[in-house]
Amino acid sequence: MDKLAMGGYGVYVWSCFGLTLAIVIVNEWRARHRHRIELRDIEVRIKAMEARQ
Amino acid sequence: MKARQQRMLAVGLAVVGLAIAAALTLRAFKDNMMFFVSVSEVAAGEYPKDRNFRVGGLVVEGSIERDPGSLDVTFTVTDLRCDVAVTYTGVLPDLFREGQGVVAHGRMNNDVFIADEVLAKHDENYMAPEVAESLAQHVDEQTASLQEYDTECGKS
Amino acid sequence: MWTFFHKLASPPHFYRLAKTLIPWFAVPGYLLLVYGTYAGLFLAPPDYQQGDAFRIIYVHVPAAYLSMMAYMILAVAGGIGLIWRMKLAHAVAASAAPIGASFTFLALATGSIWGRPMWGTWWEWTDPRLMSELILLFLYFGYMALRGAIDDTAKADKASAVLALVGAVNVPIIHFSVEWWSSLHQGPTLVREGGPAMDTAMLYPLLAMIFGFTFVFGAMLLRRIRTEVLHRERRTRWVKDLVLAD
């Protein structure tokens, strides 16, 4: 418990590490999400083109 | 082949040209890009007189005097050549202590620097407290040898 | 030698290669980050001056280093794309920008949070180190805005590569700002004459964080390049086959 207080600087230290974790998670999630969207968009376009033919 | 070499030359020249332009611009604005002036410059009168500015240096050991009952504090800042007295009213950063690097914002008034903001500056060394203690002896000797400096500085 | 490069630059080949490479970056990267975070927060001794507040270094320094490295990738890839007309290089540059921008923001934010208790200020508008890093963030924003504003991919590639190269002069300025001008920010701790000015018990977790973040950045970059390649090649046969295959 004492270690978590970080000698009175807990707010500063933990907010920095929390923010870093958030940035890493958002980066990972965005990269995966965009890839899924791209694959889906291409599939939709191909299907639409085939339906027209 | 030819076209590619031309593009390479164009990109190369553009980058070199830009680097030179940037270097010249930065040289021209060198003084304006300084975050603070040194104590020696202040002692020599080389500071902006018409506006507030920042002075940076080390807090002299034993020079801190706090007024009991208020937040008034006076201390001396040195660059190991010249000294300047600083007065300040307000909360000081956690790192503020004797021997510490500080940057004060304010103006000169009769050889005293009236600060409205005092920031602390730390160095690039990181070590455990135990290591620092064993080094402290050595540092004390160094600072002692640096005490005989004010002969060079006309004002103080 | 050249056939290797041509094969590497071939979109379908790179698309497959990147997929196999991602775990080789992500797994060691996250392992290093887990070790570095634990060791940095709990095993490393507190600093003699800053106490436990110095532990912010374990996220601030890697973020600041990545912000500059990502920009160098942006500029070098843009330059290669301009000279050799290599589409894959432009895809690399376009993919590096958002990740670089996020780490620049992280470096600025953690620096600000660190500056409050230690220096006594969140932000100083006239400090050269702080300003040059802020300009880096705006360069990333400008780069992404420029790409977004031009519909034609080939034109967007060219214009943004020029911007990336112009902005590259800022990277050495960030690094040397603390030596060329007076700054509230201290000089370099790791890259200096006489070796790192840091106890080894503090240094090893920091190195683990720096390498960990570099690997994780590599994995994120590869992932984004795959999406970018897919988008650019969306009208080609191999993408069609690939999408219809699953």
Side-chain angles (χ1 to χ4, degrees), chain A, chain C residues 22 26 29-30 33 37 40-42 46-47 50-60 62-63 95 98-99 102-103 105-107 109-118 209 212-213 216-217 219-231 233-235 239-244 246:
Chain A
M1 263 299 124
D2 246 17
K3 283 296 288 184
L4 298 185
M6 290 290 163
Y9 296 118
V11 183
Y12 301 104
V13 174
W14 290 110
S15 59
C16 280
F17 277 78
L19 189 65
T20 305
L21 183 68
I23 296 257
V24 169
I25 289 173
V26 168
N27 261 310
E28 285 283 355
W29 178 80
R30 277 288 292 173
R32 281 157 213 261
H33 180 71
R34 278 175 47 112
H35 197 73
R36 277 197 305 271
I37 298 276
E38 189 61 48
L39 281 171
R40 204 196 57 201
D41 284 356
I42 293 170
E43 198 180 343
V44 166
R45 226 168 37 94
I46 292 170
K47 294 258 164 73
M49 267 162 68
E50 279 174 353
R52 241 185 289 148
Q53 276 161 6
Chain C
I22 287 172
Y30 283 110
L33 287 191
T37 303
L41 284 173
F42 303 113
D47 180 57
Q50 305 188 44
D52 288 306
F54 106 97
R55 297 180 197 281
I56 294 171
I57 201 172
Y58 294 109
V59 288
H60 176 73
S95 309
I99 318 174
S102 67
F103 280 105
F105 168 76
L106 185 63
T110 52
S112 180
I113 295 170
W114 196 0
R116 179 61 242 179
M118 291 299 109
M209 291 302 266
F213 271 109
V216 163
F217 170 83
M220 289 170 177
L221 183 62
L222 286 170
R223 216 179 266 289
R224 277 185 181 266
I225 297 170
R226 289 185 90 224
T227 313
E228 187 70 28
V229 165
L230 209 57
H231 183 72
E233 301 275 308
R234 61 190 181 279
R235 292 191 181 86
V239 170
K240 198 179 167 189
D241 291 346
L242 179 115
V243 170
L244 296 179
D246 4 275

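In what follows, chains carry the letters A, B, and so on, assigned in the order in which the sequence lines appear, proteins first and then strands, with residues in each chain numbered from 1.
- Contacts of Gln50(C) with chain A are made by backbone atoms alone, with heavy-atom separations under 4.5 Å and no side-chain atom involved.
- Across all non-hydrogen atoms, the minimal contact from Thr227(C) to Ala31(A) is OG1-O, 4.1 Å.
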Begin from the C-alpha positions of Tyr12(A) and Thr110(C) and carry the test side-chain contact (heavy atoms from CB on, under 4.5 Å) through to its verdict. CA-CA 9 Å; Tyr12(A) 301 104; Thr110(C) 52; over 6 Å; no
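- The CD1 atom of Ile37(A) sits 12.5 Å away from the CG atom of Leu230(C) when rounded to the nearest 0.5 Å.
- We find the CZ-CZ distance between Arg234(C) and Arg45(A) to be 6.0 Å, quoted to the nearest 0.5 Å.
- Using a 4.5 Å cut-off between heavy atoms, Leu41(C) touches chain A through backbone and side chain atoms alike.
- Taken from CG in Asn27(A) to OG in Ser102(C), the straight-line distance is 3.5 Å, to the nearest 0.5 Å.
- With a 4.5 angstrom heavy-atom cutoff, Arg32(A) touches chain C via backbone and side-chain atoms both.
- To the nearest 0.5 Å, atoms CD1 (Ile56(C)) and CG (Leu19(A)) are separated by 11.0 Å.
- Asp52(C) and Gly7(A) get closest at one heavy-atom pair: OD2-N, 3.4 Å.
- For the pair Phe213(C)/Val24(A), a side-chain contact is recorded, criterion being any heavy-atom separation below 4.5 Å from C-beta on.
- Put simply, the side chain of Arg235(C) does not reach to within 4.5 Å of the side chain of Ile42(A), judged on heavy atoms.
- Looking at heavy atoms from C-beta onward, Phe103(C) lies out of side-chain contact with Thr20(A) at the 4.5 angstrom threshold.
- Remark: Leu39(A) CG to Leu242(C) CG distance equals 7.0 Å, nearest 0.5 Å.
- In this structure the side chain of Phe54(C) never reaches within 4.5 angstrom of the side chain of Tyr9(A), judged on heavy atoms.
- Remark: Arg223(C) engages Glu28(A) in a salt bridge, criterion side-chain N to carboxylate O under 4.0 Å.
- One finds the CZ atom of Arg224(C) at 5.5 Å from the CZ atom of Arg34(A) (value rounded to the nearest 0.5 Å).
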